[in-house]
Amino acid sequence: HLARYNIILNFFHNPLRLFFNYLYQNISYRFNKHYLLTGHNTRTMPERRPFVRLPTDVYPVNYGLCLKPDLIDFTFEGKLEALIEVTQSTNQIVMNCADIDIITASFVPQGSEEINATGFNYQNEDEKVTLSFPSALQKGSGTLKIDFVGELNDKMKGFYRSKYTTPAGEVRYAAVTQFEATDARRAFPCWDEPAIKATFDITLIVPKDRVALSNMNVIDQKPYPEDENLVEVKFATTPIMSTYLVAFVIGEYDYVESQSSDGVTVRVYTPVGKAEQGKFALEVATKTLPFYKDYFSVPYPLPKIDLIAIADFAAGAMENWGLVTYRETALLIDPKNSCSSSRQWVALVVGHELAHQWFGNLVTMEWWTHLWLNEGFASWIEYLCVDHCFPEYDIWTQFVSADYTRALDLDALDSSHPIEVNVGHPSEVDEIFDAISYSKGASVIRMLHNYIGDEDFRKGMNAYLLKFQHKNASTEDLWDCLEQASGKPIAAVMGSWTKQMGFPIIVVDQEQQGDDRILTISQKKFCASGPHNGEDCPTWMVPISICTSEDPKCSKLKVLLDRPETTITLSGVGPDQWVKINPGTVGFYRIQYSSSMLESLLPGIRDLSLQPVDRLGLQNDLFSLSRAGMISTVEVLKLMEAFVNEPNYTVWSDLSCNLGVLSSLLSHTEFHEEIQEFIRDLFTPIGLQLGWDSKPGEGHLDALLRGLVLGKLGKAGHKPTLEEARRRFKEHVEGKQILPADLRSPVYLTVLKHGDSTTLDTMLKLHKQADMQEEKNRIERVLGAISAPDLIQKVLNFALSEEVRPQDTVSVIGGVAGSSKQGRKAAWKFVRDNWEELYNRYQGGFLISRLIKLTVDGFAIDKMAAEVKSFFESHPAPAAERTVQQCCENILLNAAWLKRDADDIHRYLLQRKAPPV
């Protein structure tokens with residue numbers, strides 16, 4: 001679910017981050033925890049709902065499940081015949097069940113008479129049902145039979161309906177599933193906990209002109225005796241697996257097919273008439289399966305894998321074993337109309353979901369507390385996989401901007417939470433699908449991989465997968481396997497990163513003694529509000545690498561900092577050499593250098609002798625220190641000016657993101673125009689160098705950089721960029737010269753930002769005409785750039801219209817909130833005015849967290865924090881509680897930052913333009 005991430009709509013600063021942030025920003029993607037501003041006491045945790053896992057006296061061995069969906073009335077009928085084992089005599093069976101009506105239930109002990117259940121007691125709060133029997137069921141095996149009916153809901157969870165339009169323009173519905181975390185129970189009564197694994201025999205009764213898919217291959221298809229328009233489709237028995245990974249899809253699809261080099265049939269299912277758009281994902285999937293088989297030394301365990309694009313889909317994708325479901329934008333690529341960032345996004349999401357086929361599906365977390373391991377691991381290895389398939393993407397540098405710095409920003413808040421969170425009630429699960437589980441999880445696994453080394457890491461992974469295949473495991477089980485493979489204290493090191501929230505700031509000073517450089521290195525917790533100065537300061541076991549200007553890419557020394565402070569001697573380092581901590585920006589911490597050390601590193605930015613990822617890391621650390629009040633923001637602006645020769649896309653992308661944050665902050669002042677001028681000055685040279693049109697020999701990263709820079713210049717009101725964007729937009733609309741996909745976002749953004757009602761109407765017309773969801777989304781995300789108050793309102797109303805798919809409403813509203821001070825106010829009012837409809841639409845899932853974050857995170861006035869807090873006290877959104885706290889904390893931090901630095905920034909921006917005296 002990579003895709004349940006955070007949208008930070010700094011899309012134009014970074015298309016990759018867009019998507020990440022976009023698919024992810026629930027993290028605040030799916031997650032958030034330590035409670036700022038809850039109740040009257042600023043540090044109380046919310047009430048935890050009492051929760052008990054299912055009793056263990058009965059467990060399933062095999063589910064025989066037959067479902068018959070009605071695609072007109074949106075209901076379904078189901079028959080369950082489950083082979084179960086009774087481990088101790090009981091007269092009741094407790095299962096999970098939600099929004100399902102049981103008609104009859106009975107138990108047939110092996111070799112004995114059928115016993116009918118005499119009562120069904122639904123505990124709706126806990127999503128459980130208790131079946132009562134007139135006499136005790138004895139130890140041994142038997143068959144539980146249940147007939148039931150349910151609803152094909154429109155909430156994008158459980159067994160739900162997804163609206164699509166046929167090529168002829170007729171609106172129809174598909175029946176599809178999304179079970180993670182706890183929604184299999186909406187499709188059939190079951191033991192819906194990840195550790196209660198069983199095999200599944202699934203049969204679907206469907207209209208004969210529809211495609212029916214499930215986890216396994218079809219083994220039999222025959223006419224349904226009671227209705228000649230229906231067929232009965234039977235699927236092979238699955239391996240032993242968890243309920244959350246079961247899936248079925250009934251709809252109209254085309255597909256492309258291939259075979260991986262290790263003999264697995266791979267299909268990509270697309271909307272009818274769009275099979276061509278499945279080819280890119282097919283190519284990635286067929287390369288990826290053998291890569292993982294080789295990496296883990298364990299073959300893919302099923303005969304086939306299907307990847308399918310679903311029209312209405314809340315997350316980015318879902319790794320159902322053998323039938324992976326995706327948003328259309330996370331799977332479909334049109335060679336002519338898809339931009340480079342979309343290709344990269346598809347490659348990453350495919351890599352992420354296929355990694356889960358081993359890590360998550362073959363070996364599954366014992367309980368949701370260990371979700372981070374599933375998601376963090378897949379979020380790390382997707383990059384390894386894309387780097388293997390597309391080395392030209394320079395994807396590991398992008399990881400630092402998309403995941404690593406994002407996780408650092410969130411984890412510096414007092415309202416963050418440890419990677420491992422004890423989860424009880426199902427309502428708490430959605431909340432931990434956030435940037436901590438995904439992005440911090442991926443970052444600490446990247447650090448761990450670097451600490452262990454690839455060979456031992458793979459050895460440990462292989463031991464883990466073999467030991468726990470078809471079973472469940474906890475975080476500690478993986479540490480044990482890696483510890484045995486590497487001989488290093490993995491559990492002790494990693495415990496400090498997963499069981500306590502936050503991370504350290506490493507403070508470094510140096511002294512020259514002859515040919516030796518003596519470094520003093522200390523750690524303390526880094527907080528977004530400044531360094532932690534309390535008594536009980538936590539410490540981490542920090543793997544530290546050190547390099548020098550002699551070889552900036554290679555560590556001269558590696559140490560494990562396991563105490564608050566230490567001294568290190570680097571021999572043979574002359575006074576003219578610089579020393580850099582954390583080469584490759586792999587360790588999950590921020591660094592504060594002494595001023596002399598920092599001075600010596602800065603030329604490495606101008607002359608590019610520091611690696612791109614380290615130029616990015618240095619700038620990002622300083623930006624973060626300025627927000628925390630540890631250095632002046634003016635220092636960072638001076639540093640940013642040193643990036644004028646920067647060639648690397650990801651470095652610019654991160655710079656652009658941080659300038660976006662600053663620009664948003666300064667929109668609350670009288671000198672917002674001055675920071676726009678700063679942005680124009682910084683980006684003009686690289687803009688001139690790149691020009692508008694791609695040149696022969698350019699690659700993926702040049703295309704991403706051009707889009708980023710032109711969007712940044714256009715948004716900041718750079719006249720030549722604006723004029724050229726208007727000219728090209730006019731030709732595009734008139735059909736004279738269609739814009740290349742990579743230029744559409746920057747051009748659309750620029751003309752809207754400086755446009756009027758005619759521009760908006762033209763844009764909405766383009767949206768209506770767009771055949772591809774990617775193009776619709778591209779337009780939806782920039783509509784908020786329009787400036788006039790009445791047009792902003794029009795865009796907000798459009799967000800809730802039939803024209804926008806329910807999962808995309810959030811990015812339209814977020815786009816309005818992120819583009820201007822007026823937009824932010826209007827979006828917040830719109831969310832409050834339409835709260836009931838929005839809340840009901842997302843039923844407390846992770847999209848509601850994303851909506852809240854996008855709408856209010858940019859405020860910078862103390863009283864807004866109180867207003868947000870009080871609104872959510874009277875309109876509770878339990879799955880977004882932590883997000884609300886994080887937003888309130890961010891608003892207070894923004895306000896403090898503005899108070900502290902606004903005057904200095906203003907002076908600096910004025911004097912840099914003043915003629916020399």
Side-chain angles (χ1 to χ4, degrees), residues 60 63-82 95-106 120 122 124 127-129 131 144-164 171-180 182-192 200-216 218 220-235 238 243-253 308 310-314 318 320 323 325 806 843:
Y63 290 86
L65 178 63
C66 177
L67 289 170
K68 179 169 170 259
D70 182 328
L71 299 174
I72 307 298
D73 292 340
F74 307 135
T75 56
F76 61 90
E77 295 168 27
K79 269 187 194 308
L80 176 66
E81 290 200 7
M95 306 169 72
N96 291 114
C97 179
D99 305 333
I100 277 176
D101 289 320
I102 293 175
I103 296 158
T104 59
S106 64
F120 318 135
Y122 297 95
N124 291 338
E127 304 183 340
K128 288 175 183 168
V129 64
L131 309 177
L144 175 66
K145 298 180 174 183
I146 302 180
D147 287 6
F148 58 94
V149 292
E151 179 202 6
L152 286 175
N153 70 68
D154 59 355
K155 302 287 185 255
M156 296 189 282
K157 63 183 186 181
F159 196 11
Y160 71 94
R161 60 187 191 259
S162 170
K163 184 166 140 183
Y164 64 97
V171 170
R172 290 189 187 166
Y173 289 86
V176 304
T177 57
Q178 167 61 40
F179 290 165
E180 190 179 22
T182 56
D183 291 316
R185 62 193 66 172
R186 291 174 204 282
F188 56 102
C190 56
W191 286 263
D192 199 11
F200 291 81
D201 284 287
I202 291 172
T203 302
L204 299 174
I205 296 165
V206 302
K208 63 183 182 194
D209 60 347
R210 299 294 146 103
V211 172
L213 300 170
S214 186
N215 305 80
M216 298 298 288
V218 174
D220 188 34
Q221 182 161 332
K222 56 184 186 212
Y224 182 60
E226 294 165 43
D227 183 341
E228 60 177 15
N229 294 314
L230 299 180
V231 289
E232 197 171 310
V233 183
K234 188 167 167 38
F235 298 90
T238 68
T243 47
Y244 80 90
L245 294 165
V246 172
F248 11 93
V249 175
I250 298 102
E252 296 176 279
Y253 300 94
I308 185 166
I310 305 291
D312 293 319
F313 198 76
M318 174 62 211
N320 317 297
L323 177 58
T325 47
Q843 287 286 297

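Nothing fancy with the numbering, it's 1 onward along the sequence.
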Practice task
Would you give the length of the straight line joining atom CG of Leu323 to atom OG1 of Thr238, rounded to the nearest 0.5 angstrom?
Solution key: 12.5 Å

Practice task
Find out whether Val149 and Glu77 are in side-chain contact, i.e. whether some heavy atom of one side chain is under 4.5 Å from a heavy atom of the other.
Solution key: yes

Exercise for the section: Nearest 0.5 Å please: distance from the NZ atom of Lys128 over to the CG atom of Asn96. Expected result: 7.0 Å

Handout entry: Contact check, side chains of Glu127 and Asp192, non-hydrogen atoms, under 4.5 Å
Key = no

Show me the donor-acceptor pairs within less than 3.5 Å that the side chains of residues 205-213 make with the rest of the protein, sequence neighbours left out.
none

Practice task
Please round to the nearest 0.5 Å and tell me the distance separating atom NZ of Lys79 and atom CD1 of Ile103.
Solution key: 8.5 Å

Problem - Asp154: partners by side-chain contact (heavy atoms from CB on, under 4.5 Å), with sequence neighbours left out - result: Arg161

Problem - Side chain to side chain, Phe179 and Thr243, heavy atoms closer than 4.5 Å - result: no

Completion exercise
Shortest non-hydrogen pair, Tyr122 vs Ile102, comes out as OH-N, 2.8 Å

Name each donor-acceptor pair under 3.5 Å that joins a side chain in residues 226-234 to protein atoms two or more places apart or in another chain, with its distance.
residue, atom, partner, partner atom, Å
Asp227, OD1, Asn229, N, 2.9

Exercise for the section: State which residues pass ring pair (Phe, Tyr, Trp, His ring centres under 6.0 Å) with Tyr173; sequence neighbours excluded, sorted by chain then number. Expected result: Phe74

Exercise for the section: Compute the ring centroids of Phe248 and Phe159, then answer whether they are less than 6.0 Å apart. Expected result: yes

Fill in the blank from the handout: Sequence neighbours excluded, the answer for side-chain hydrogen bond (donor to acceptor under 3.5 Å, both in side chains) partners of Tyr244 is Asn374

Exercise for the section: Report yes if some heavy atom in the side chain of Tyr160 is under 4.5 Å from a heavy atom in the side chain of Ile310; otherwise report no. Expected result: yes

Handout entry: Inter-residue atom distance Met156.CE - Thr177.OG1, 0.5 Å rounding
Key = 14.0 Å

Handout entry: Set of residues satisfying side-chain hydrogen bond (donor to acceptor under 3.5 Å, both in side chains) with respect to Glu252, sequence neighbours excluded
Key = Tyr164, Arg172

Handout entry: For Asp312, salt bridge (Lys or Arg N to Asp or Glu O under 4.0 Å) partners two or more places apart
Key = none

Practice task
Rounded to the nearest 0.5 Å, what's the gap from CG on Asp101 to CZ on Phe120? Could you check?
Solution key: 10.5 Å

Problem - Contacts of type side-chain hydrogen bond (donor to acceptor under 3.5 Å, both in side chains), residue Ser214, not counting sequence neighbours - result: none

Exercise for the section: Please name all residues satisfying ring pair (Phe, Tyr, Trp, His ring centres under 6.0 Å) with Phe313, sequence neighbours left out, ordered by chain then number. Expected result: none

Exercise for the section: To the nearest 0.5 angstrom, please state how far the SG atom of Cys97 sits from the CG atom of Leu131. Expected result: 8.5 Å

Exercise for the section: Please tell me if the side chains of Arg186 and Lys157 come closer than 4.5 Å, counting only heavy atoms from C-beta onward. Expected result: yes

Handout entry: Side-chain touch Val171/Lys163, heavy atoms, less than 4.5 angstrom
Key = yes

Problem - Flag, side chain of Glu180 to backbone of Thr182, donor-acceptor distance under 3.5 Å - result: no

Fill in the blank from the handout: Sorted by chain and residue number, the side-chain contact (heavy atoms from CB on, under 4.5 Å) partners of Asn320 (sequence neighbours excluded) come out as Asn215, Ala247, Met318, Thr325

Exercise for the section: Please list, chain by chain and in numerical order, all residues satisfying side-chain hydrogen bond (donor to acceptor under 3.5 Å, both in side chains) with Asp201, sequence neighbours excluded. Expected result: Asn62, Thr237

Practice task
Check the pair Lys155, Asp183 against side-chain contact (heavy atoms from CB on, under 4.5 Å), reporting the backbone distance first and the verdict last.
Solution key: CA-CA 11 Å; Lys155 302 287 185 255; Asp183 291 316; over 6 Å; no

Return all side-chain donor-acceptor pairs below 3.5 angstrom for residues 63-73, not counting sequence neighbours, or 'none' if the list is empty.
residue, atom, partner, partner atom, Å
Tyr63, OH, Trp191, N, 3.0
Asp70, OD1, Ile72, N, 2.8
Asp70, OD1, Asp73, N, 2.9

